[in-house]
Amino acid sequence: AIALSIRPRSYLIAMTLTAQLVLLFLCAGLRTEVAGFLQRSTSKLESNSTSGTAVSMGLELRFARSKVVHKMAYFGKITVGDPPQEFTVVFDTGSANLIIPGSGCNTEACTSHRRFNMKASPTARRVNCDGSEVGDDGADEITITFGTGEITGICVKDQICVGSACSQGDFISSLDETSQPFASFTFDGVLGLALPSMAQSKEFSMMSRMQSGSSLKKSLFSVFLSDSNEETSEVTFGAVKQEHMASEMFWVDVTGTSGYWEVRISDITIDSKAQLLCEDCRVAVDTGTSQLAGPSALMSSLRSRVDVKPDCSNYHSLPQLGFIIGGRILNLAPADYVDKMGQTCSISMMDLDVPPPAGPLFIFGIPFLQKYYTVYDPIASRVGFAVANHKGRTPEALLTFNPDLASAVAPTKPASFLSTLRANARAPLTAR
């Protein structure tokens, strides 16, 4: 149960839905042993000119030995304050605030992580948790509560840097964190990348700062996730990187005003054939969630139609599961939507019933984002999708859905996008 109440100088708010999922999934998946670090966290300045810069942040993939294979999360590093204090955070498109432990928090959940020392940063100052200036009554506090614990903190304004891209912004510095689930986390905090309407105020929103006074080349960011140690997962602020794309990119407008990076699903397909399961459904694209999720009624029907056998006896004959978005079919192979551990298989989708008006809602988490390269444009309020280009793998064609046939139409040349890029790279320059 989630409580919501207001007190004179303290806010008690409910965690956003996907932020709860971030914490609950990561708690379940990362509570015990960390089995590996597949990528090193790095930052790279992609360009530097009068037109602005682009900054790429390498991400670490961490996962636990668990019966559930998809318990994983990607982490990167940011700095806060001047001189800079470094923190490891989840870059989370399902929430919109930056939350890190503060030096005034002495619980196990805080002392086991890096803590922000406000006194060590002369540029830091208290603000109210709605972004307003502190009045004669003093600054307020905020409490975020959810099913398995809560955080109480103060709100601070200071310099926040992602790589070389820095701006003044507000964030939550915790004063108290419950041991469960936070003491078990292998990251320090969460950097929310949802749209501004989900944040405490525009001063808390990184998307708002990207739109105003940003030094970035473009006011957008992109996400490339891999499960291989042969390539680096990364979030890039200010640019779209064609080398991560194995198809053309198409754009879909964000729906609603909740702040989620939420788009419409026209229907669900099995082996590229429409199932008439989903009329005008919606999905939130969420980098902080380790699974796929959807409304329980639809999930029940989907499980029945896909029919994953617990003993994996039909694993190699399972169909592709697709979602029609923007006139294209975004397919997932059995390896993307089935958790297979030895001879035990289960569909890696959980029930999620979000009441109206925010729901019903699907969540596309890490399994989807490893398959598709995504771009988030807060100015135009849209999300871009392309098949991800992974080393050593043959990319699938991006299929167009034909509503008259209720099935997909394959492109004539599935590799035409990459072929065009290569041809352009080889072509001689022609003076105009």
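Treat the numbers as computed from the prediction; the structure is a model and nothing was measured. For this chain, numbers begin at 1 and follow the sequence in order. Computed from heavy atoms alone, side chains included, the values below leave out hydrogens, waters and symmetry copies.
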Decide yes or no on side-chain contact (heavy atoms from CB on, under 4.5 Å) for Gln370 and Tyr74, but give the supporting numbers first.
-> CA-CA 11 Å; Gln370 290 174 334; Tyr74 290 83; 2.8 Å; yes
Check against side-chain contact (heavy atoms from CB on, under 4.5 Å), Thr287 and Thr374 | CA-CA 10 Å; Thr287 57; Thr374 50; 5.6 Å; no
Kindly indicate, with the supporting measurements, whether the criterion side-chain contact (heavy atoms from CB on, under 4.5 Å) is fulfilled by Ile268 and Leu321.
-> CA-CA 8 Å; Ile268 297 171; Leu321 177 62; 3.8 Å; yes
I would like to know whether Glu177 and Thr107 meet side chain to side chain donor-acceptor pair (under 3.5 Å); could you show each step before the answer?
-> CA-CA 6 Å; Glu177 297 182 7; Thr107 64; 5.6 Å; no
Check the pair Gln159, Thr123 against side chain to side chain donor-acceptor pair (under 3.5 Å), reporting the backbone distance first and the verdict last.
-> CA-CA 7 Å; Gln159 179 172 264; Thr123 54; over 6 Å; no
List the steps, then state whether side-chain contact (heavy atoms from CB on, under 4.5 Å) holds for Asp307 with Leu318.
-> CA-CA 8 Å; Asp307 192 27; Leu318 288 171; 5.9 Å; no
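Nearest heavy-atom pair, Asp253 versus Val263, reported as atom, atom and distance to 0.1 Å: O-CG1, 3.7 Å. Residues Asp336 and Pro367 approach most closely at O-CB, 3.3 Å, considering heavy atoms. Taking each heavy atom of Ser205 and Ser208 in turn, the nearest pair found is OG-N, 3.0 Å. Summarising the geometry of Ser173 relative to Val156, their closest heavy-atom pair is CB-CG2, 4.2 Å, with the distance given to 0.1 Å. Here the shortest heavy-atom pairing between Tyr337 and Pro319 reads OH-O, 2.6 Å. Contact between Gln343 and Cys312 at its shortest, heavy atoms only, is C-SG, 3.5 Å.
Between Leu193 and Met206 the shortest side-chain heavy-atom distance falls below 4.5 Å. By the 4.5 Å heavy-atom criterion applied to side chains, Glu141 and Ile154 are counted as neighbours. Here the side chains of Leu398 and Leu330 are in contact, with some heavy-atom distance below 4.5 Å. Residues Ser174 and Cys110 are in side-chain contact: their nearest non-hydrogen atoms beyond the backbone lie under 4.5 Å apart.
Other residues, nucleotides and ligands place no more than 12 heavy atoms under 6.0 Å from the NZ atom of Lys202.
No side-chain donor-acceptor contact under 3.5 Å links Asn128 to the backbone of Asp130. Using a distance-only test at 3.5 Å, with no hydrogens or angles considered, no donor-acceptor pair links the side chain of Glu150 to the main chain of Thr143. Checking side-chain atoms of Arg282 against main-chain N and O of Gly256 turns up no donor-acceptor pair under 3.5 Å. No side-chain donor-acceptor contact under 3.5 Å links Tyr373 to the backbone of Ser247. No donor-acceptor pair under 3.5 Å is formed between the side chain of Thr236 and the backbone N or O of Ala54. With Tyr372 contributing its side chain and Asn331 its backbone, the two residues share a donor-acceptor pair below 3.5 Å. Judged by distance alone, the side chain of Ser348 and the main-chain N or O of Leu292 form no donor-acceptor pair under 3.5 Å. With hydrogens and angles ignored, the 3.5 Å screen pairs no side-chain donor or acceptor of Asn97 with any backbone N or O of Phe204. Under a 3.5 Å cut-off, the side chain of Asp286 and the backbone N or O of Ile363 do not form any donor-acceptor pair. In terms of modelled atom types and a separation under 3.5 Å, the side chain of Glu203 and the main chain of Asp170 share no donor-acceptor contact.
No close placement of the Phe323 and Phe368 rings is indicated, their centers lying 6.0 Å or farther apart. Here the two rings, on His390 and Phe224, have centers that are under 6.0 Å apart.
Exactly one of Arg382, Met198, Met207 qualifies for a side chain to side chain contact (heavy atoms under 4.5 Å, CB included) with Trp261. That residue is Met207. Here the options are Phe385, Phe221, Phe237, the test is ring-ring contact (aromatic ring centres under 6.0 Å, His included), and the partner is Tyr376; only Phe221 passes.
Within the structure, no pair that satisfies the ring pair (Phe, Tyr, Trp, His ring centres under 6.0 Å) test touches residues 83-115, not counting sequence neighbours. Among residues at least two apart or in separate chains, there is no ring pair (Phe, Tyr, Trp, His ring centres under 6.0 Å) pair with a member in residues 273-303.
Ring-plane geometry between Phe187 and Phe185 is classed as parallel, the angle between the planes falling under 30 degrees on a 0 to 90 degree scale with a further cut at 60.
Using a cut-off of 4.0 Å between Lys/Arg side-chain N and Asp/Glu carboxylate O, Glu133 and Arg125 are scored as salt-bridged.
Of the inter-residue distances, the one linking Leu298 atom CG with Met349 atom CE reads 11.5 Å to the nearest 0.5 angstrom.
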